[in-house]
Asker: 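Encoded as structure tokens, here's the structure I'll be asking about.
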Amino acid sequence: MPELPEVQTIVNDLNAAGMTGRQVVQAQVFWPRTIATSSPETFRRSIKGQVIGTIGRRAKFILFGFKSGKRLAVHLRMTGRFQIGKSDRPNGHVHVILSLDDGRSLWFHDTRKFGRFYLMDTSESESLLASLGPEPLDAAFTPGVLAGGLARHHRQIKPLLLDQTFIAGLGNIYVDESLWAARIHPLRRADTLLPAEVKALHAAIRHTLRQGLKYAGTTLGRGQSNFYSLGESRGTNDTHLKVFRRTGLPCERCKRPIERIVVGQRSTHLCQWCQRLQ
DNA sequence: CCAGTTGTTGTTCT
DNA sequence: AAGAACAACAACTG
């Protein structure tokens, strides 16, 4: 669930919570596989004493930069969440706890246990991020860059936009929303988009992501597996979705019902009228 | 009980 | 070689 806007929202909230300058005084690991780069024991030993310098994002990774030159990259995958521990009794879905020098602790909550922590030297961590595609909200991501990329692939446009090596940060929700906004069918072959369509797609991706960010992410439903930023705060972008999980509801533009199809094994929502395949 | 689910990776098939 | 299909990871939701 967490895509670029959700991950950025968490990063913003971590920064607002005053994490910079905090020292990790103790770490606990309850689900060993969460730690991707070493044994839990090595992780606990390595992170103890680290002082947080910066907290940022690349693609869907949260990057904790420590003053020592080490870096913790966290990928939330489907259901990872951070929360400021409010008690000393975490529930069964809290798999890592970082205790801080100000008495607070950062809990990593992850019902499906797919989330991963990568702790390494910053220089070494570049290999983890090396294959990622461009950041869609960076100034360097121009319509020309997108056009050049699309021209190199004959793949269906939706799976291509989900491919993190092609463009970073998009997931199922924002891809469906972007394609609807650009009026492009998810099965269109990437190298068949006309220049005007590429331009529309570029604008749609940026608009869709910025809107998600503006409303602090998309939270669907109320369950354990939904997106919540720090402190259990929900995002409100769900009220602005045009197609995602809106099967049968009228398209905002043409009033015809939104349909659900499967593309690349992924649930896909679209308006067959506005997004014609030809 | 059954089908479906937001992300990613690795394998296998075409 | 490229791209599509599929399983696996693991657990909740409807």
Side-chain angles (χ1 to χ4, degrees), chain A residues 1-10 30-37 57-62 73-81 91-96 108-118 127-133 136 149-179 186-192 208-209 212 215-229 234-238 240-248 259-270:
Chain A
M1 185 193 296
E3 307 178 31
L4 187 156
E6 289 75 28
V7 177
Q8 186 65 52
T9 295
I10 293 169
F30 305 105
W31 184 257
R33 297 180 68 168
T34 301
I35 311 302
T37 42
R57 179 192 61 78
R58 170 75 172 104
K60 298 173 190 170
F61 287 94
I62 298 172
V74 175
H75 200 298
L76 305 170
R77 293 286 185 96
M78 312 266 286
T79 59
R81 287 149 56 172
N91 72 30
H93 297 304
V94 174
H95 307 310
V96 180
F108 181 66
H109 178 288
D110 185 17
T111 50
R112 290 183 64 178
K113 300 177 176 172
F114 293 162
R116 291 293 179 264
F117 280 38
Y118 303 83
S127 61
L128 185 67
L129 312 176
S131 61
L132 293 167
L150 293 172
R152 285 187 287 107
H153 294 279
H154 190 62
R155 296 172 64 183
Q156 299 163 338
I157 187 72
K158 167 156 178 172
L160 183 60
L161 293 177
L162 287 172
D163 185 339
Q164 300 298 299
T165 69
F166 181 77
I167 181 172
L170 294 177
N172 214 26
I173 298 174
Y174 294 97
V175 166
D176 280 5
E177 293 296 315
S178 296
L179 290 173
L187 291 175
R188 277 288 294 283
R189 296 285 165 174
D191 55 3
T192 68
T208 302
L209 293 175
Y215 294 103
T218 302
T219 300
L220 295 158
R222 260 146 276 84
Q224 290 264 332
S225 309
N226 288 285
F227 165 72
Y228 290 85
S229 186
R234 301 167 55 85
T236 58
N237 192 52
D238 58 320
H240 301 276
L241 298 179
K242 311 297 188 191
V243 288
F244 193 81
R245 295 227 188 137
R246 292 180 56 80
T247 310
E259 291 177 45
R260 176 187 175 277
I261 63 175
V262 174
V263 177
Q265 282 94 7
R266 309 299 304 279
S267 174
T268 298
H269 311 78
L270 77 163

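What you see is a predicted model, and the numbers here were worked out from it, not measured in a lab. Naming convention: chains lettered A, B, ... in sequence-line order (proteins, then strands); numbering from 1 in each chain. Just so you know, these numbers use all the heavy atoms, side chains as well, and skip hydrogens, waters and symmetry mates.
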Asker: Strictly below 4.0 Å: does A/His93 bring a side-chain N or O up to OP1 or OP2 of C/dC12?
Answerer: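 Indeed, a polar side-chain atom of A/His93 lies that close.
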Asker: Nearest to the side chain of A/His75 - C/dA4, B/dT5, B/dT8?
Answerer: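 For A/His75, the side-chain atoms sit closest to B/dT8.
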Asker: Round to a whole Å and report the spacing from CG of A/Leu76 to P of B/dG7.
Answerer: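 For the pair A/Leu76 CG and B/dG7 P, the rounded distance is 11 Å.
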Asker: Show the nearest heavy-atom pair for residues A/Tyr174 and A/Pro5, with the distance to one decimal.
Answerer: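 Closest approach of A/Tyr174 to A/Pro5, heavy atoms only: CZ-CG, 3.5 Å.
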Asker: From the options C/dA4, C/dG3, B/dT6, select the nucleotide whose nearest atom is closest to the side chain of A/Arg189.
Answerer: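 Output: C/dA4.
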Asker: Verify the contact: side-chain N or O of A/His153 to OP1 or OP2 of C/dG3, cut-off strictly under 4.0 Å; return yes or no.
Answerer: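 True: A/His153 side-chain N/O within range (under 4.0 Å) of C/dG3 OP1/OP2.
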Asker: Quick check: A/His269 with A/Phe244 (ring centres under 6.0 Å apart)?
Answerer: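 Yes.
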Asker: First locate atom OG1 of A/Thr111, then atom NE2 of A/His95, and finally report the distance between them rounded to the nearest 0.5 Å.
Answerer: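 One finds 7.0 Å between OG1 of A/Thr111 and NE2 of A/His95.
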Asker: Report yes or no: does A/Thr79 contribute a side-chain atom to a donor-acceptor pair with the main-chain N or O of A/Asp110 at less than 3.5 Å?
Answerer: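 No; judged by distance alone, with no hydrogens or angles, the pair does not exist.
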Asker: Looking only at N and O atoms, is any donor in the side chain of A/Arg116 or the base of B/dT8 less than 3.5 Å from an acceptor on the other one?
Answerer: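 Looking at the base of B/dT8, it does not pair with any donor or acceptor on the side chain of A/Arg116 (distance under 3.5 Å).
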Asker: Measure the distance from CG on A/Asn91 to P on C/dA11 and round it to the nearest whole Å.
Answerer: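 Computing the A/Asn91:CG to C/dA11:P distance gives 13 Å.
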Asker: Measure the distance from CZ on A/Arg58 to C1' on B/dG7 and round it to the nearest whole Å.
Answerer: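 After rounding, the reported distance stands at 17 Å.
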Asker: Looking for any heavy atom pair under 4.0 Å, which part of the strands does A/Thr218 touch: base, sugar-phosphate only, or nothing?
Answerer: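 Answer is nothing: A/Thr218 stays at 4.0 Å or more from every strand.
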Asker: Both atom distances under 3.5 Å, Watson-Crick or G-U wobble: I'd like the secondary structure of DNA chain C as a dot-bracket string, with | for pairs made across strands.
Answerer: .||||||||.||||
Asker: I need the CD-C1' distance between A/Gln265 and C/dC9, as an integer number of Å.
Answerer: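 It works out to 16 Å between those atoms.
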Asker: For C/dC6 versus B/dG4, give the span between their P atoms, rounded off to a whole number of Å.
Answerer: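 Those two atoms are separated by 14 Å.
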Asker: Which nucleotide in the set C/dA10, B/dG7, B/dT5 lies at the smallest distance from any side-chain heavy atom of A/Arg77?
Answerer: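 Given the options C/dA10, B/dG7, B/dT5, the side chain of A/Arg77 is closest to B/dG7.
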Asker: Please determine, for the side chain of A/Glu3, which listed nucleotide (C/dC12, C/dA4, B/dT6) has the closest atom?
Answerer: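 Among the listed nucleotides, the one closest to the side chain of A/Glu3 is B/dT6.
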Asker: Please tell me which of the listed nucleotides, B/dT9, B/dT6, C/dA10, lies nearest to the side chain of A/Met78?
Answerer: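 When the side chain of A/Met78 is considered, B/dT6 is the closest of B/dT9, B/dT6, C/dA10.
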Asker: So, the side chain of A/Thr268 versus the backbone of A/Arg266: is there a donor-acceptor pair under 3.5 Å, distance only?
Answerer: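 The answer is yes, because a donor-acceptor pair under 3.5 Å joins these two groups.
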Asker: With respect to the side chain of A/Lys113, which nucleotide from C/dA10, C/dC12, B/dT8 is positioned closest?
Answerer: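 The answer is C/dA10.
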Asker: Where do A/Leu162 and A/Gly171 come nearest, in terms of heavy atoms and distance?
Answerer: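 Smallest heavy-atom distance, with atoms named: CD2-C, 3.3 Å.
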Asker: For atom P, what is the distance between B/dT5 and C/dA5, given to the nearest Å?
Answerer: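 Rounded to whole Å, the distance is 16 Å.
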Asker: Distance check needed: B/dT6 C1' versus A/Arg266 CZ, whole Å only.
Answerer: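 Rounded to whole Å, this separation is 7 Å.
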Asker: Check whether any side-chain nitrogen or oxygen of A/Arg260 sits under 4.0 Å from OP1 or OP2 of B/dT5, and answer yes or no.
Answerer: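 For B/dT5, OP1/OP2 do have a side-chain N/O of A/Arg260 under 4.0 Å.
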Asker: Looking only at the side chain of A/Gln164 (C-beta and beyond, no hydrogens), which of the listed nucleotides C/dA4, B/dT8, C/dC12 gets closest?
Answerer: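 For A/Gln164, the side-chain atoms sit closest to B/dT8.
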Asker: Nearest to the side chain of A/Phe114, heavy atoms from C-beta on, is which of C/dC12, B/dG7, B/dT5?
Answerer: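 So the nucleotide nearest the side chain must be B/dG7.
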Asker: Does B/dT5 have its OP1 or OP2 closer than 4.0 Å to a side-chain nitrogen or oxygen of A/Ser267?
Answerer: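 Yes.
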Asker: Over how many whole Å does the gap from A/Asp238 atom CG to B/dT6 atom P extend?
Answerer: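 In whole Å, B/dT6 P and A/Asp238 CG are 15 Å from each other.
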Asker: If I take atom CG from residue A/Leu76 and atom CD1 from residue A/Ile10, how far apart are they, to the nearest 0.5 angstrom?
Answerer: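 The distance works out to 5.0 Å.
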Asker: Looking at the side chain of A/Arg33, which of C/dA10, C/dA4, B/dT8 is the nearest nucleotide?
Answerer: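 Looking only at side-chain atoms, A/Arg33 lies closest to C/dA10.
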Asker: Taking side chain as C-beta onward, heavy atoms only, is A/Glu177 less than 4.5 Å from A/Val243?
Answerer: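 Side-chain contact under 4.5 Å: yes.
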